[in-house]
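For reference, the structure discussed in these notes is given below.
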Protein chains: 2
Amino acid sequence: MAKIKESSTIQENKQYAIQKCPVSYVMEMIGGYWKPIIIYHLSSGDKRYNELKKAIPAVTEKMLIQHLKQLEADGLVVRESKPVVPPFVTYRLSSAGRGMMPMINAMAEWGLDHMKGKF
Amino acid sequence: MAKIKESSTIQENKQYAIQKCPVSYVMEMIGGYWKPIIIYHLSSGDKRYNELKKAIPAVTEKMLIQHLKQLEADGLVVRESKPVVPPFVTYRLSSAGRGMMPMINAMAEWGLDHMKGKF
DNA sequence: CATATCACTTACTTTAGGGTAAGTACTTGT
DNA sequence: ACAAGTACTTACCCTAAAGTAAGTGATATG
């Protein structure tokens, strides 16, 4: 996975933000272009890798798998693979992942309100 | 302000995400490293430019002003300047900005819970 | 008359994230 | 023997976001 140069100011500032600010911490976890969309698709139930791929046609395989790995590493998503050929892999939200649904809904609600010009 | 090459796939995908997904839309607005921190400092009342600068020592002036301009352009923050010398400029949350506090609080709550290992 | 204050600007560099395209392993079906 | 299906990997390139450092304008103050 992409190497990071942990001596850069960018990294230092990011760490600072993530540690000082729980909101930055959240955004670090769900901040990729495709992550909210992946989470949305998983919120309605487990999906196989290929199902996600078809559900989100614009995403490339590299990005899809990269985001899935990150979500898994952050404990938001659980990956389950059956040792068969062809492979059978399913992804689903962990309890932490499901636990963020109220937050996600709050975000979506504000977003929709703001789009519509409320406030 | 930074020019964007709107013909790139990155831009297309971003537009797709922002339009399809209200959560991505929200993150586009509050997704800079410093934006949540700026919003946090403004949530307790108006601040002068210099007060923000002092309150967030690690941010550079370029980033601070850039994020403030974006927040203003997105209607989250209001800028008020008195035509005096030296300048006297204050920033405060707009009603839309204040309207996102419940959402921000939901995010912070989940973030803190997750940091502490809840779920 | 030089320096300080405030709120920015501007030109340039670096880096992390995203994108493209091709390849891998393993087995079943034709 | 060859293609098809599934779930990835890998190597390389491009762009937008972030950072660095210096400069601007208008006035007041010593």
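Just so it is clear: chains get the letters A, B, ... in the order the sequence lines come, proteins before strands, and each one is counted from 1. Not measured: the values here are computed from a predicted model. Computation of the quantities below employed the complete heavy-atom set of this structure, encompassing side-chain atoms and omitting hydrogens, waters and symmetry-equivalent molecules.
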* Hey, which of these two, A:V85 or A:A58, hits DNA chain C nearer its 5' end, going by closest nucleotide? -> A:A58
* **Test item: B:K47 side-chain N/O and B:R92 main-chain N/O as donor-acceptor pair under 3.5 Å** => no
* Residue pairs passing the ring pair (Phe, Tyr, Trp, His ring centres under 6.0 Å) test where at least one lies in residues 38-66 of chain A, sequence neighbours excluded -> none
* For B:Y16, ring-ring contact (aromatic ring centres under 6.0 Å, His included) partners two or more places apart -> A:W34
* Rounded to whole angstroms, how far apart are CD1 on B:I18 and P on D:dA16? -> 13 Å
* **From CA spacing to verdict: side chain to side chain donor-acceptor pair (under 3.5 Å), B:Y33, B:H67** => CA-CA 9 Å; B:Y33 289 3; B:H67 285 150; over 6 Å; no
* Asked: Is the distance from OP1 or OP2 of D:dA17 to the nearest side-chain N or O of B:H67 less than 4.0 Å?
  -> no
* To do: Scan for side-chain hydrogen bond (donor to acceptor under 3.5 Å, both in side chains) pairs involving residues 98-112 of chain A, sequence neighbours excluded, and state none if there are none.
  => none
* To do: When you get a sec, tell me which of C:dT15, C:dT20, C:dG17 is the closest nucleotide to the side chain of B:T9?
  => C:dT20
* Residues of residues 23-40 of chain A with any non-hydrogen atom less than 4.0 angstrom from an atom of DNA chain C: list those, numerically ordered, please. => A:G32, A:Y33, A:W34
* For C:dG18, does OP1 or OP2 lie under 4.0 Å from any side-chain N or O of B:N13? -> no
* Can you check whether B:S8 has a side-chain N or O nearer than 4.0 Å to OP1 or OP2 of D:dA16? -> yes
* **Gap between atoms CD and C1', on B:Q66 and D:dG19 respectively (whole Å)** => 10 Å
* Locate the shortest heavy-atom distance separating A:L42 from A:Y91; write the atom from each residue and the value. => CD2-O, 3.4 Å
* To do: Quickly work out the A:L71 CG to D:dC8 C1' distance and round it to whole Å.
  => 16 Å
* What is the distance, rounded to the nearest whole Å, between atom NZ of A:K47 and atom C1' of D:dA7? -> 18 Å
* **Hydrophobic cluster (4.5 angstrom, side-chain heavy atoms) - remaining members for A:V84** => A:F88
* **Separation of C:dG17 C1' from A:I10 CD1 (nearest whole Å)** => 11 Å
* Rounded off to whole Å, could you give me the CG-to-P distance for the B:L64 and D:dA18 pair? => 13 Å
* To do: Let me know the distance between NZ of A:K82 and P of C:dT27, rounded to the nearest Å.
  => 18 Å
* Asked: When rounded to the nearest 0.5 angstrom, what distance separates CD1 in B:I38 from CG in B:L76?
  -> 11.0 Å
* Asked: Are the charged groups of A:K118 and A:D113 less than 4.0 angstrom apart, N to O?
  -> yes
* **B:Q70 CD - D:dA18 P separation (whole Å)** => 8 Å
Quick test: give all pairs of protein nitrogen or oxygen and nucleotides 7-13 of chain C nitrogen or oxygen below 3.5 Å, distance rounded to 0.1 Å.
{"residue": "C:dA7", "atom": "OP1", "partner": "B:R48", "partner atom": "NE", "Å": "3.1"}
{"residue": "C:dA7", "atom": "OP1", "partner": "B:R48", "partner atom": "NH2", "Å": "3.0"}
{"residue": "C:dA7", "atom": "OP1", "partner": "B:V89", "partner atom": "N", "Å": "3.2"}
{"residue": "C:dA7", "atom": "OP2", "partner": "B:N50", "partner atom": "N", "Å": "3.0"}
{"residue": "C:dC8", "atom": "OP1", "partner": "B:R79", "partner atom": "NE", "Å": "3.2"}
{"residue": "C:dC8", "atom": "OP1", "partner": "B:R79", "partner atom": "NH2", "Å": "2.6"}
{"residue": "C:dC8", "atom": "OP2", "partner": "B:Y91", "partner atom": "OH", "Å": "2.8"}
{"residue": "C:dC8", "atom": "N4", "partner": "B:E61", "partner atom": "OE1", "Å": "3.2"}
{"residue": "C:dC8", "atom": "N4", "partner": "B:E61", "partner atom": "OE2", "Å": "3.1"}

